[in-house]
Structure formats: C-alpha cells, structure tokens
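Everything below concerns the one structure shown next.
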Amino acid sequence: MKKLALHWQIVIGMVVGILFGYIMAVTSGGAGFVANWIKPIGTIFINLLKLIAVPLIIASLIKGISDLKDISKFKSIGGRTIIIYIATTVVAIVIGLTLVNIIQPGSGITQETIDKLTTTYAGNTKIAERISEASRQKSAGPLQFLIDMVPQNAISAMSNNKMMLQVIFFSIFLGICMLLVPEKESKPLKKFFDSLNSVILKMVDVIMLMAPIAVFALLANVVVSADDSDVLLALLKYASVVVLGLLLMVAVYCILLSVYTKKSPLWFLKQISPAQLLAFSTSSSAATLPVTMERVEEHVGVDKEVSSFVLPVGATINMDGTSLYQAVAAVFIMQVLWPEGLTFSNQISIVLTALLASIGSAAVPGAGMVMLVIVLESVGFPADRLAIGLALIFAVDRPLDMLRTTINVTGDATVATIVAKSVDKLKEPKVKNWDDQL
Ligand code: ASP
C-alpha cells in the first residue's frame, strides 16, 4: 500500500495536535499534562533539527563553493541573492504599509480594550525582556553587524546556533581558499565534506520521520498556552491585516516563480510544503533550515552550489513575513496610541528600519517583536507607551509568528529557485531512494 505523503502526515499531526490541545485546555490538569508529557517531544524534535543545522551549513556551503571551479560564479550568485532578498523584503513592507493604512485596524480598538490588554500584559516579563533586548541591540555602532559576522574563534562560533552568520563566513572563506590551492591538495578535504554532507542530509530524512508526532506535540502545546479567546477576538482586525499581507506575499512568490522559472507555483509549493509546515509548527526559520535545504535541493532541483549559500543566508537575513508584520504592527500601534506620529516621512522611515530590522532579527520564535521595538523607537514613538504598545499585540503574536515564519521560509526557497534558474543551476529534481519514509 502506498504510504501517505509526508506533508499529509504532518497536516494530520497538526490537526490532531490542535484538537488535543483544545481538549486538554478545558480538562482540569490538562495543561500540566501537556507541559510535562507532550511538549518534550516537540522540544526534542527542535533540538534534533538545531543539532544538525551547523554541520549541515558547513558541509553544504563548503561542498557548494568548492564545486564551483571558479570564484566569479560565486560573486554573481552572491550579488543576485542579496539584491533579490532586499527587493522582496521591500515589496513585503510596502504591501504591509498599504494594507494597514487602508484597512486601519487601529480605529476599531476601544479604550476599554486598551485598558484590558494593558492590565493583562504590560507587566509581562516577556515584554520587558524584548524591550531590554532591543535596547542592547540598538546601542551597537553602525558597523557592528560587520564585526559580528567575523568570528574570533571558528570553534566557538560553531558552538552557538545564534552565530549562524559567523559560521557562514568561516565556511565561505574556507571554501574559497580550497579553490585557490591546487586541486590535489584540496581533494581530501573536499571528499570529507562531500561525504559529511550526504550523511547529514540523510539525518534530515531520519529526523523527519518524527515530524508528524512532533508537530502534534508542538501545536498541542501552543493551544494550551494560548490566551483567552476574548482577547484574541479584539485583535482580529489587526491579525487579519497581517494574514492578508502574508497571503499577498505568497501570490508575489507564485508570480515571480512562474515568470522567471516557468515552473508551476502549485508544484513548487507542494515540494516545499513539509518545510512550510515545520516553519509553522516551530516558529523558527533556523530550526527549519535543514528541511528547507533538503526539500529545495532534492525535491525542487536547485543545485547545491546555489542552495548551500542562498538558504542559510536567507534564514538569517531574509525575513519577508517578519518585515511585513513589523510594518503592520508598528503602524497599528501608532494608530491606537500615537496617531499624531503617523506622518508620511515616518512611514518612509518605517520602510527602511523594518528592512534593517528584519535583516537583524534572529531566526527564532518571537524575534520579530524585539526588532519591532527598534522600528517604533526609530520614528520617535514615546518610550513610556512602548510596553503598552507591545501589550496590544502580544496576545496574537504567537499565531502570527507561526505564519510569518512560514512566509520567511517560503521566501528563501523562492529566491533560491529564482537565483538557480538565473545561473542555469535549476535541474530536474532527483528524489533519493527512500526519502521521508522508510
Ligand atoms: N520566528 C521568525 C523566524 O524564525 C522570526 C520572527 O519574525 O519572530 O523566521
């Protein structure tokens, strides 16, 4: 009997997880049961994905670059990637700003709702943490991001998943220098990384066998920890604007894909769907990266020379969903708490700061909100109303994080496919012998 495709298994896991979460939320002791016995399954799964992220980036980048034969190709891949990443992010921000200005979700928020949300969340430690994390990041100098990219110690960079850009820097440097020494001398190293790369991609397949159960656990936990539905309803209009914007972004990707690659967008979405479903369930593009790489290479047909660079860089700096959310959230908060600040020039500066903020956001759950603080501060939002502003959107942040992470990952995969096509590196996909299922 033919086994159910992986994406359907994951969808079933998600639906059962949500239902189970609802049942547990209304059962006495249910939340504790989920926290003690169900959540750990999801955490183990995320740990496994993070475990292989650094070795995968190293092996695949070094393999990708050392396969190139000459460095000029790398320059053209790098240049195109960065330009397309910036362009799609600007499109996302403009879509977000246009929608939030037309739909005006802030106008429906009453003083009563503001008071309720403020009393519920303004003292929330997570909000305070995000504000202080933002001020830590803001106090850095303008070139700090360049300094941060260059590690002092390769091993310590590899020991921290937050240092992804440092690992990318080291791997590119090593890969390029492998091209600069005679082939005879680089061969043993190349063989080692080629082999490491194949084995790690197989580890992705093995870990993915656990995905349907893991997403069940992750979503059950999200549901039992969700806020009461009254609060969620009050923010429905704001959340709908973000969701509408994210859907329009998917349409943008589909148009780009069919125009530039002549591939069917539906086929493409189906191929990458397990990565999207994982992004949704984990809210982390970094944790999803190994699966995104596997899907884009083996199921879409993007050559490793392109995907090994474009995807890890994208997971760290290209966040179209996050930037769209930051633009909508910033304007929504201003509509409610500081309407006089909504000038045209402030909106233009939101385009710029949301672009930089999405580049600077870490690819982990909730990171977009930290950088939202910086976006708000950059337009002069009154500091004393900052905590209230975040309190306004906090209740729906997790579901929106799940959705924006899905778009972030979709954007990375789309750009990888377009760049591959532009340098003639988009081939017919070759799915390995057993993949996703034993
Ligand atoms: N969770 C998002 C990601 O990993 C970042 C964010 O918007 O919070 O892509």
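Counting from 1, the numbers follow the sequence of the chain as shown. Atoms within a ligand are numbered from 1 in the order they appear, just like the ligands themselves.
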Arg398/Asp401 salt bridge by N-O under 4.0 Å criterion
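No, no charged N to carboxylate O under 4.0 Å.
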So, are Asp397 and Arg404 salt-bridged, with charged N and O less than 4.0 Å apart?
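Result for this pair is yes, salt bridge flagged.
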Counting heavy atoms only, which of Ile407, Thr322, Thr316, Leu289 is nearest atom 5 (C) of ligand 1?
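Answer by nearest heavy atom: Thr322.
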Protein heavy-atom partner closest to [atom] - residue, atom, separation in Å:
atom: atom 6 (C) of ligand 1; answer: Gly368 N, 3.2 Å
atom: atom 4 (O) of ligand 1; answer: Ser285 N, 2.9 Å
atom: atom 2 (C) of ligand 1; answer: Thr405 OG1, 3.3 Å

Passing option when Asn318 is tested against Asn408, Thr88, Ile84 for side-chain contact (heavy atoms from CB on, under 4.5 Å):
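So the option named by the test is Thr88.
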Which of the numbered atoms in ligand 1 are below 4.0 angstrom from a heavy atom of Asn408?
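Per the distance check, 2 (C), 3 (C), 9 (O).
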Which bit of Val364 is near ligand 1, meaning a heavy atom under 4.0 Å away: side chain, backbone, both or neither?
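It is the backbone that touches ligand 1; the side chain stays farther off.
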Determine, using heavy atoms of Ser361 and all atoms of ligand 1, whether some pair is separated by less than 4.0 Å.
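Under 4.0 Å: no for Ser361.
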Please confirm whether Ala286 comes within less than 3.5 Å of ligand 1 when only nitrogen or oxygen atoms on both sides are compared.
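In fact, backbone or side chain, Ala286 has no N or O that close.
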Look only at interatomic distance and state if Ala362 has a nitrogen or oxygen under 3.5 Å from any nitrogen or oxygen of ligand 1.
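In fact, backbone or side chain, Ala362 has no N or O that close.
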Checking side-chain polar atoms at under 3.5 Å, does Asn47 have a donor or acceptor matched by the opposite partner on Thr43?
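No pair is found: no donor N or O on one side chain lies under 3.5 Å from an acceptor on the other.
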Begin with the C-alpha distance, continue with both residues' side-chain angles, and end with the deciding distance and a verdict on side-chain contact (heavy atoms from CB on, under 4.5 Å) for Leu289 and Leu311.
CA-CA 7 Å; Leu289 179 63; Leu311 292 174; 4.1 Å; yes
Could Lys39 and Trp37 be counted as a cation-pi pair, given that NZ or CZ must be under 6.0 Å from the ring centre and within 45° of the axis?
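No, Lys39 and Trp37 do not form such a contact.
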What heavy-atom pair brings Ile418 and Thr261 nearest, and what distance separates the two atoms?
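For Ile418 and Thr261, the tightest heavy-atom pair comes out as CA-CG2, 4.2 Å.
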